[in-house]
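Since we're looking at a predicted model, the values are computed, not measured. Just so you know, ligand 1 is whichever comes first in the structure, and atom 1 is the first atom listed for that ligand.
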Amino acid sequence: MTDLGPTGATAKNMAYPANAWYVAAWDHEVGRREILARTIAGRPLALYRTEDGRPVALADACWHRLAPLSMGKLIGADGIQCPYHGLQYNSAGRCTSMPAQQTINPSAMVASYPVIERHRFVWVWTGDPMSADPAAIPDMFQLDSPDWAGDGRTIDVRANYQLVLDNLMDLTHEEFVHSSSIGQEELSESDFAVTHDERTVTVTRWMHNIDAPPFWLKNMRDRFPGFEGKVDRWQIIEFQAPGTIRIDVGVAEAGTGAPDGDRSRGVNGFVMNTISPVDERSALYFWAFMRNYRLDSQLITTQLRDGVHGVFAEDEAMLTAQQIAVEANPDHEFYNLNIDAGGMWVRRILQRMIEAERRGTADTPAFTAEAVQ
Ligand code: FES
Ligand SMILES: [Fe+2]
């Protein structure tokens, strides 16, 4: 039975937790000897790699006069030099050289954020560094597992990150937004189940004995040439707080046991999504489509990536338009339907995280006023 979750008015333009791992970039975007400027969870960052390849994330504002370090240059084994008056910092953010004077002011430093490279992404912890636990990085193992193949892209989406999470937690929108590729009316007609715990929400939907929509028919024929007939289709959406959603998707020849675990007569993909708030009005939406069949086909990898890119462009257009309407109607609350049950649990988990952080920040020096406003 569908769990309707919390009801009532729903906040718009949600804030975001600071104590979290967010993806700042794909691994290949952080180059060996160049600096990438990115803002994640309201924090402007200068991202680079040390000479031995370790990713670094420093606050992108020099201690002296706040010039962006990302406009500077890399120095020595792990350092960066401010482009304005030449102060140098090491990867821990400590100033190591002041060109115009011999004595280095001991307070001269910039924040160095915990960084971990995992699952093809560079993850940054934007909150209290003492609580940065690598085990809390969301599980996205399909991205670098030899049993899965695929690729993805990034969407610079001009919408609050929660709108993206809402979009992914309820896929009935496929029927209307993606009618030429993955949409079909059975999406809205079929029942779904929602489960949740402190940090995760799962929405499960099965559609039995239906026609495969164009995207899935093509994939079935890639694996089973000449396939005709009905399929059982599944969508299992798994949210990991605060911004990661993996969606186990696929179809199998109808009646061959897929709902009971036998997917051997089907095709299976994982839509890997992780959304990093930039600020309250925009987000970086990193996604990839991974599959576990025809692993050696670069052609299928490219076709799937480009196909999903086209589908997600339809979402981006909707999310951008939605954000504009949200801002034009500041007094209008969101109303909730049955289909929002998963998204509402996501919002409740995030609200709890944000409130706990606000309560606990008074005596935590790692938080700045701007983080707890
Ligand atoms: S602003 Fe960086 S050295 Fe002056
Ligand atoms: Fe969509």
Side-chain angles (χ1 to χ4, degrees), residues 35 37 44 46 58-75 79-90 93-105 107-111 152-155 157 159 161-185 187-188 192 203 205 213-216 233 235-237 239 245-249 269-275 283 285-289 304-323 339-340 342-343 346:
I35 311 166
L58 297 184
D60 195 14
C62 178
W63 169 83
H64 174 224
R65 288 288 191 267
L66 301 175
L69 296 181
S70 58
M71 293 171 65
K73 63 180 181 189
L74 299 182
I75 292 269
I80 189 168
Q81 182 172 41
C82 177
Y84 204 176
H85 314 100
L87 260 62
Q88 294 179 20
Y89 300 88
N90 64 17
R94 181 158 297 284
C95 181
T96 54
S97 166
M98 294 182 168
Q101 60 187 59
Q102 294 296 315
T103 317
I104 297 177
N105 184 320
S107 72
M109 57 188 309
V110 296
R153 287 188 177 168
T154 309
I155 303 171
V157 57
Y161 79 120
Q162 280 275 317
L163 297 185
V164 188
L165 299 176
D166 283 345
N167 171 282
L168 292 165
M169 293 305 290
D170 162 46
L171 298 178
T172 62
H173 77 267
E174 290 178 358
E175 179 180 341
F176 308 98
V177 179
H178 311 306
S179 55
S180 66
S181 55
I182 50 178
Q184 58 187 160
E185 61 193 23
L187 282 157
S188 300
F192 61 102
V203 178
R205 184 190 300 274
F215 175 88
W216 284 116
R233 179 181 181 186
Q235 294 173 326
I236 302 168
I237 308 165
F239 166 77
I245 297 177
R246 284 189 301 187
I247 313 180
D248 174 5
V249 289
F270 260 78
V271 195
M272 317 292 292
N273 310 279
T274 187
I275 295 99
Y285 173 4
F286 301 88
W287 65 265
F289 189 94
L304 279 171
R305 187 198 60 197
D306 292 355
V308 175
H309 175 70
V311 171
F312 283 5
E314 296 171 329
D315 291 300
E316 185 185 1
M318 179 57 68
L319 292 165
T320 307
Q322 191 185 9
Q323 181 71 28
I339 56 172
D340 298 311
V346 166

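- For atom 2 (Fe) of ligand 1, the tally of protein N/O/S atoms lying closer than 2.8 Å stands at 2.
- None of the N, O or S atoms belonging to E314 lies under 2.8 Å away from the Fe ion (ligand 2).
- Side-chain contact between D315 and H178 is present, with heavy atoms from C-beta onward closer than 4.5 Å.
- Of all the heavy atoms in V164 and I275, the pair that sits closest is CG1-CG1, 3.6 Å.
- Seen from the Fe ion (ligand 2), atom NE2 on H173 and atom NE2 on H178 lie at an angle near 100° (rounded to 10 degrees).
- Across every non-hydrogen atom of S97 and I104, the tightest pair is N-CD1, 3.7 Å.
- Electrostatic pairing of E316 and R153 does not count as a salt bridge here, judged by no charged N lying under 4.0 Å from a carboxylate O.
- Taken from SG in C82 to CH2 in W63, the straight-line distance is 11.5 Å, to the nearest 0.5 Å.
- Between H309 and W287, the ring planes are parallel. Angles under 30° get that label, and only those over 60° would be called perpendicular.
- Here the closest non-hydrogen pair linking L187 and R205 is O-NH1, 2.7 Å.
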